[in-house]
Amino acid sequence: MPELPEVETVRRGLLPVLEGRRLTQVRQLRPDLRFPLPLDFVPRLEGRRVEQISRRGKFLLLHLDSQEVLLIHLGMSGRILLIDDPANSPLLPHDHVVWRTEEGREVRFNDARRFGFMDIVPAGELETCKALANLGPEPLGNAFNGPVLAAALRGRNSSIKAALLDQRVVAGLGNIYVCEALYHARLSPRRLARTVQGQRAERLAAAIRDVLRQAIAAGGSSLRDYVQTSGELGYFQHAWAVYGREGAACPDCSCGGPPHGGIVRIVQSGRSTFFCAQRQR
DNA sequence: ACGAGAACCTGTTTGC
DNA sequence: TGCAAACAGGTTCTCG
């Protein structure tokens, strides 16, 4: 579920509940998620005030008044659930961490597959901590553009699809938005990454930004309709051009759909890729 | 050193 | 209908 737009949507949903609020009670229901949690996970959080909630790539960052930061990665199936009435809301299967605020509300981290993880690091070490140190530029930040992307792809012998999934190249893309961005940039997912230079890199950087911006806008609109920050995909899933649309006609070319054209599914490094072989070169 | 594939988990969907 | 296989939005480790 969670690529950059979904994590950003969760962040915005958490703001009214957590930002500026004190964590009066923290419950840790198991010792580990994907990795072991810090042994003093609960005491380092309990009683702390959340001063700010930010995001870096796919990481949620809760900045605490103890000058520490709680890092949360949702992995594949991680969800953040907002509970207004904890007394009448029993724990669900796979609820792993529960934060209660002084207002009596709860925020729960639920993750069936447990690919998600958390850590607590001193604020001063945030940029250099293991989780964030190797992340590439924020695609929606000022430091990301065609030349920067081209430089990151230079010399790369993998497919452009695999390169964009590498968080060191650019932070926050996952399988869905890589497919979508390559479609909008008219680049084949099989193209060698190092051949994406100049105008092609310019087109791709622009496509990445456009796709992410639109997805965030769609996720944001769904938040107004749902009480819970469930982490579900927002309306943007209805706007996918290629992802999950194997066999459909390409929405923006005259390939005419199957059997001679349309969206095809291939497997690259073990993961599904969707694209239009006519439009993407 | 680099890139592809396996591994890590559990739930849901697909196909025989 | 029932069961097994395939598949899922991510990251990290191993192996060639």
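Throughout, a chain's letter reflects where its sequence line sits, starting with A, and its residues are numbered from 1. Here the structure is a predicted model, which is why all the values come from computation and not from measurement.
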> If you measure from the ring centre of A/F115 to the centre of the six-membered ring in the base of B/dC8, is it under 5.5 Å, with the planes under 30° apart?
Replying inline: yes
>> Tell me the interatomic distance from A/K161, atom NZ, to B/dG3, atom P, rounded to whole angstroms.
In response: 16 Å
> Is it true that A/R27 and A/D95 make a salt bridge, defined as a side-chain N closer than 4.0 Å to a carboxylate O?
Replying inline: no
>> Expressed as a whole number of angstroms, how long is the span from A/E246:CD to C/dC7:C1'?
In response: 12 Å
> Thinking salt bridges, do A/K130 and A/D119 make one under a 4.0 Å N-O criterion?
Replying inline: no
> Of the candidate nucleotides C/dA8, B/dC9, B/dA4, which contains the atom at the shortest distance from the side chain of A/R114?
Replying inline: B/dC9
> For A/D166 and B/dA1, what is the distance between atoms CG and P respectively, to the nearest whole Å?
Replying inline: 16 Å
> Paired with B/dC9: which nucleotide, if any, by Watson-Crick or G-U wobble criteria at under 3.5 Å for both distances?
Replying inline: none
> How do A/K130 and A/R271 order along DNA chain C: which one's closest nucleotide is nearer the 5' end?
Replying inline: A/R271
> Is A/E103 paired with A/R105 through a side-chain N to carboxylate O contact shorter than 4.0 Å?
Replying inline: no
> Counting side-chain heavy atoms from C-beta on, which of C/dG10, C/dT12, B/dT10 comes nearest to A/F35?
Replying inline: C/dT12
>> Does A/D111 reach a base, just sugar-phosphate, or nothing at all? Heavy atoms under 4.0 Å.
In response: nothing
> For the base of C/dT11, is there a side-chain donor-acceptor partner from A/R34 under 3.5 Å away?
Replying inline: yes
> Where the side chain of A/R265 is defined as all heavy atoms beyond and including C-beta, which of C/dT12, C/dT11, C/dA8 is the nearest nucleotide?
Replying inline: C/dA8
> Between A/L165 (CG) and C/dT11 (C1'), how many Å, whole number?
Replying inline: 11 Å
>> Measuring only the P atom in each nucleotide, how far is B/dC9 from C/dC3? A whole number of Å is fine.
In response: 26 Å
> Run the side chain to side chain contact (heavy atoms under 4.5 Å, CB included) check on A/L164 and A/L204 step by step: do they pass?
Replying inline: CA-CA 10 Å; A/L164 291 179; A/L204 182 53; 4.0 Å; yes
>> Show, in sequence, the C-alpha distance, side-chain angles and deciding distance for A/E138 and A/R55, and conclude whether the side chain to side chain contact (heavy atoms under 4.5 Å, CB included) test is met.
In response: CA-CA 10 Å; A/E138 278 297 313; A/R55 180 190 55 73; 3.0 Å; yes
> Does a nitrogen or oxygen in the side chain of A/H94 sit under 4.0 Å from OP1 or OP2 of B/dG11?
Replying inline: yes
> Rounding to a whole Å, what distance do you find between A/D119:CG and C/dT12:P?
Replying inline: 12 Å
>> Taking only the P atom of each, what is the distance from C/dT11 to B/dA1 in whole angstrom?
In response: 23 Å
> Given C/dA8, is OP1 or OP2 found less than 4.0 Å from the side-chain N or O atoms of A/S272?
Replying inline: yes
> Rounded to the nearest Å, what distance is computed from the CZ atom of residue A/R194 to the C1' atom of nucleotide B/dC2?
Replying inline: 13 Å
> Picking from B/dG3, B/dT10, C/dG10, which would you name as closest to the side chain of A/A112?
Replying inline: B/dT10
> What's the CZ-P distance between A/F117 and C/dT11, to the nearest Å?
Replying inline: 7 Å
> Would one find a side-chain N or O of A/R113 under 4.0 angstrom from OP1 or OP2 of B/dG11?
Replying inline: no
> In terms of ring plane angle, is the pair A/H73 and A/F59 parallel, tilted or perpendicular, where the classes change at 30° and 60°?
Replying inline: perpendicular
>> Counting the atoms with a prime plus P, OP1 and OP2 as sugar-phosphate, which does A/Q167 contact under 4.0 Å by heavy atoms, base, sugar-phosphate, or nothing?
In response: sugar-phosphate
> Rounded to whole angstroms, how far apart are NZ on A/K58 and P on C/dT12?
Replying inline: 11 Å
